[in-house]
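A quick write-up on the structure given underneath.
No experiment lies behind these values; they were computed from the predicted model shown.
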Amino acid sequence: MNKAIFIGELSLNVTLPSSDSSSMAATRVGDRLVKAAMLDGEMGVETIFVGETAADAVGDHIISALEKSGIGTGSVDRFTEGASPVRISAATGDDSRAVIHSAYPGEPVNPIWPRVNEGDVAVYGSYMVIDKRNHSAITELLDHARARKAETVYLPYFDVRQVSRTTRVMPEVWDCLEAASLVIATTGDLAVLFPGEDAETAFRGHILFYCRRCLVLDYASLTMRFFDGDESWTLRCHPTENDEFHWTAGAIAGAVRALTEKVNDPDDIMAKANETAHSILSDQ
């Protein structure tokens, strides 16, 4: 089996309970890309994370969580001039009121790049890969991965609170799409990038020019749709009690695991994604 290399943002997310609740604040490391990496690590896929976090107590906690899931962290840049990002939000209420604490260094991320072999899978996403501070460095790794005949999977999402206007990051988004052999997006991701367009229109009108394969995840209807050039396949998924975050992360982890096993057929990739989205691990 080949290995999975995940490239994205590392943060500590804190969810505060409602004022009438007796529960304690809940914490989670990272976003959907990080959760997918953790699931793949826990399923036995050789998994490496490329990212950055400070050499502080929060950074230590993030690294510990990754390593407990079996993820290699030797390619995480532990910077000393700054602070690891922490996102604090309420369980209910307006998401725009969330507080984001972070202090990154001025220079770009500078990790020890992992060895990339033919058939490995490089997965990249979040604001980190389109941030102008890091974009060139990430692009170099992706160019190297493509030259080594690795699969490159782009997750075209970002925290909208980090982007004042979507049009300002679209040049970097186009670069990331062009570097991908497969795009995995939710219907919500596509709505942010291409407002007013359904999944098929967004794919054929924008993504297909850069990447011919795209897996669209629709939590509202519990369906997956795989586009490959002029063809498409739709899978109606099993009912689930998982919320959108866990279902989506599980689906991504399953699709990536399928690619590490050299599964290329769209139906088989979606089947593995559906299976993992409903596994015991994905709802933890």
Side-chain angles (χ1 to χ4, degrees), residues 4-16 25-38 41 47-89 95-116 122-145 152 154-166 168-173 175-176 179:
I5 302 167
F6 284 80
I7 309 166
E9 191 170 43
L10 291 170
S11 64
L12 179 64
N13 302 313
V14 181
T15 303
L16 303 176
T27 62
R28 184 183 73 231
V29 171
D31 54 18
R32 74 179 78 156
L33 180 145
V34 179
K35 179 62 175 178
M38 295 171 81
T47 306
I48 296 171
F49 204 95
V50 178
E52 58 182 339
T53 191
D56 55 18
V58 173
D60 290 347
H61 176 75
I62 291 171
I63 293 298
S64 176
L66 295 179
E67 292 179 343
K68 285 179 180 177
S69 292
I71 297 175
T73 59
S75 292
V76 176
D77 182 10
R78 301 295 304 274
F79 57 83
T80 56
E81 297 179 1
S84 300
V86 177
R87 288 176 168 76
I88 305 173
S89 59
D95 187 62
S96 65
R97 296 174 57 216
V99 178
I100 303 177
H101 295 287
S102 65
Y104 288 108
E107 62 269 14
V109 62
N110 185 31
I112 299 172
W113 296 127
R115 179 181 177 86
V116 182
V123 188
Y124 55 104
S126 76
Y127 179 67
M128 176 188 172
V129 302
I130 58 174
D131 180 7
K132 289 177 173 55
R133 182 176 69 89
N134 288 327
H135 184 65
S136 295
I138 301 302
T139 300
E140 288 181 7
L141 176 59
L142 296 175
D143 288 343
H144 172 67
T152 48
Y154 179 39
L155 313 183
Y157 74 94
F158 47 84
D159 188 331
V160 294
R161 295 167 296 184
Q162 295 174 281
V163 178
S164 58
R165 192 182 308 161
T166 302
R168 292 180 176 173
V169 298
M170 288 309 293
E172 287 75 27
V173 171
D175 286 345
C176 288

Do V123 and L155 come close enough that some side-chain heavy atom pair is under 4.5 Å? yes
Identify the heavy atoms of R115 and I5 that sit nearest to each other, and give their distance. O-CD1, 4.2 Å
Do the side chains of M170 and V173 get nearer than 4.5 Å, heavy atoms only? yes
For side chain to side chain contact (heavy atoms under 4.5 Å, CB included), just list the numbers for V86 and I88, CA-CA rounded to whole Å, side-chain angles, deciding distance to a tenth of an Å, and then say yes or no. CA-CA 7 Å; V86 177; I88 305 173; 4.0 Å; yes
Show the nearest heavy-atom pair for residues I130 and E172, with the distance to one decimal. O-CG, 3.4 Å
Output yes when a side-chain donor or acceptor of S75 lies under 3.5 Å from a complementary backbone atom of W113, and no otherwise. no
A37 to T47 - nearest heavy-atom pair and separation: O-CG2, 3.8 Å
Can a side-chain donor-acceptor contact be found between N13 and T15 if the only test is distance below 3.5 angstrom? no
E52 versus N134, side-chain donor and acceptor atoms under 3.5 Å: yes
Between C176 and Y124, the two heavy atoms sitting closest are O-OH, 2.6 Å
Exercise: identify the closest heavy-atom pair between V76 and F49: CG2-O, 3.6 Å
Do I100 and P85 come close enough that some side-chain heavy atom pair is under 4.5 Å? no
Counting only heavy atoms not in E67, do more than 12 sit closer than 6.0 Å to its CD atom? yes
Minimum-distance pair of heavy atoms, taken over all atoms of I7 and V129: O-CG1, 4.1 Å
Do H61 and S84 touch side chain to side chain, with heavy atoms closer than 4.5 Å? no
Please test D131 against Y104 for side chain to side chain contact (heavy atoms under 4.5 Å, CB included), starting from the C-alpha separation and ending with a verdict. CA-CA 12 Å; D131 180 7; Y104 288 108; 5.9 Å; no
Can you tell if the side chain of F6 reaches within under 4.5 Å of the side chain of I48, non-hydrogen atoms only? no
Working to the nearest 0.5 Å, report the span between OG of S136 and CG of D175. 8.5 Å
Sole residue of I63, L10, L12 in side-chain contact (heavy atoms from CB on, under 4.5 Å) with V58: L12
Would you say that R28 contacts R87 through its side chain, given a criterion of any heavy-atom pair below 4.5 Å between the two side chains? no
Salt bridge or not between R78 and D60? Use side-chain N to carboxylate O under 4.0 Å. yes
Take a 6.0 Å sphere around NZ of K132 and say whether it holds more than 12 heavy atoms from other residues, nucleotides or ligands. yes
P105 vs F79 side-chain heavy atoms within contact, under 4.5 Å: yes
Is there side-chain contact between L142 and Y154, with heavy atoms separated by less than 4.5 Å? no
Taking atom types as modelled and ignoring hydrogens, do the side chains of D31 and Y157 form a donor-acceptor contact shorter than 3.5 angstrom? yes
